[in-house]
Amino acid sequence: MATAGTFFGGRLTVETGDLTALEVDALVNAANPGLLGGGGVDGAIHRAGGPVILRECREIRRTRHPDGLPAGRAVTTGGGNLKARFVIHTVGPVWRGGSAGEDGVLADAYRSSIREAEAKGLSSLAFPAISTGVYGFPKDRAARIVAGLLKDYFLGGPKLSRIRMVFFSAADAEIFLKEAAPLLTGSP
Ligand code: APR
């Protein structure tokens, strides 16, 4: 894992690497409403975490979200074989051009995941770049939204001690930092 940027005294880090390799309290999965796995980071988490994660997702679908997990919401399962103790599954918006409320749903996905982690009394949380892969959300626009909400979070009395933004490629991390660093370091 390579660190490309650190903010708020190291409480927020921007890194490149494989999210599934991290030893954190919880990983955030960029899932779909079905919660039954998929490609991208969803596929990687289920492959690395093993069948127990899918079993817990099926139980969540059966008992709490029979029609699927709505975009912007988050649920938590165990981490299975992952080093992470938990996986917080959230559904980001599918990009439809930007006038269908995608920005707000993206922010909701991050905020719901943070709330899930806080509700469990966790300390460290790692995010992938939700919706910027298969779901097609523009990476620079997502960076500005995420930077704004993370700045508000860390300046607003955070309960989590560490949030790690993990990008699969250095190029993606650079796009994020280009947009986010001015917002994050512009803080008092
Ligand atoms: N570690 C870190 N980041 C990763 C990894 C990984 N192992 N694998 C993929 N990524 C990155 C992608 O490069 C992208 O920047 O995660 C970001 C999110 O991409 P996706 O995984 O495609 O997620 P998303 O765009 O939210 O689309 C969700 O894709 O995988 C399916 O089941 C999932 O239907 C859902 C949809």
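Atoms within a ligand are numbered from 1 in the order they appear, just like the ligands themselves.
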Protein residue, atom and distance nearest to atom 29 (O) of ligand 1, heavy-atom basis: Val134 CB, 3.4 Å
Distance from atom 36 (C) of ligand 1 to nearest protein heavy atom, with residue and atom: Tyr135 CE1, 3.5 Å
Interfacing atoms of ligand 1 (cut-off 4.0 Å, heavy-atom, Gly17): 1 (N), 2 (C)
Indicate yes or no: at least one non-hydrogen side-chain atom of Met165 is less than 4.5 angstrom from one of Leu150. yes
Would Val105 and Ile145 show up in the same hydrophobic cluster when neighbours are defined by side-chain heavy atoms closer than 4.5 Å? no
What heavy-atom pair brings Thr20 and Ala48 nearest, and what distance separates the two atoms? CB-CB, 4.0 Å
What do you reckon, does Leu19 have a nitrogen or oxygen under 3.5 Å from a nitrogen or oxygen of ligand 1? yes
Ile130 reachable from Trp95 in the ILVMFWY side-chain graph, under 4.5 Å edges: yes
Pairs satisfying side-chain hydrogen bond (donor to acceptor under 3.5 Å, both in side chains), at least one member in residues 170-179, at least two apart: Lys139-Asp172, Arg144-Glu179, Ser169-Asp172
What I want to know is whether Asp42 and ligand 1 share at least one N or O pair that is separated by under 3.5 angstrom. yes
Within a 6.0 Å radius of atom CZ on Arg162, are there more than 12 heavy atoms belonging to other residues, nucleotides or ligands? yes
Show the numbers, then the answer: is there a salt bridge (charged side-chain N to carboxylate O under 4.0 Å, His left out) between Glu118 and Arg115? CA-CA 5 Å; Glu118 291 182 336; Arg115 272 199 305 276; over 6 Å; no
Show the atoms of ligand 1 that are less than 4.0 angstrom away from any heavy atom in Asn32. 32 (O), 33 (C), 34 (O), 35 (C)
Are any of the N/O atoms in Val41 less than 3.5 Å from those in ligand 1? yes
Any idea which protein heavy atom is nearest atom 15 (O) of ligand 1, and the distance to it? Thr132 OG1, 3.1 Å
Considering Gly39, Pro33, Gly133, Gly40 one by one, which has a heavy atom nearer to atom 19 (O) of ligand 1 than any of the others? Gly133
Can you pull out the closest protein heavy atom to atom 26 (O) of ligand 1? Residue, atom name and distance to 0.1 Å, please. Ser131 N, 2.8 Å
Among Phe167, Phe176, Phe168, which one puts a heavy atom closest to atom 6 (C) of ligand 1? Phe168
From the candidates Ala30, Ala129, Pro128, Ser169, the one that places a heavy atom nearest atom 18 (C) of ligand 1: Ala129
Contact list for residues 48-57, test side-chain hydrogen bond (donor to acceptor under 3.5 Å, both in side chains), sequence neighbours left out: none
In the protein, what heavy atom is nearest to atom 7 (N) of ligand 1, and what distance, to one decimal place, separates them? Asp18 OD1, 3.0 Å
Do Val28 and Val14 share a hydrophobic cluster, counting only Ile, Leu, Val, Met, Phe, Trp and Tyr and linking them when any side-chain heavy atoms are less than 4.5 Å apart? yes
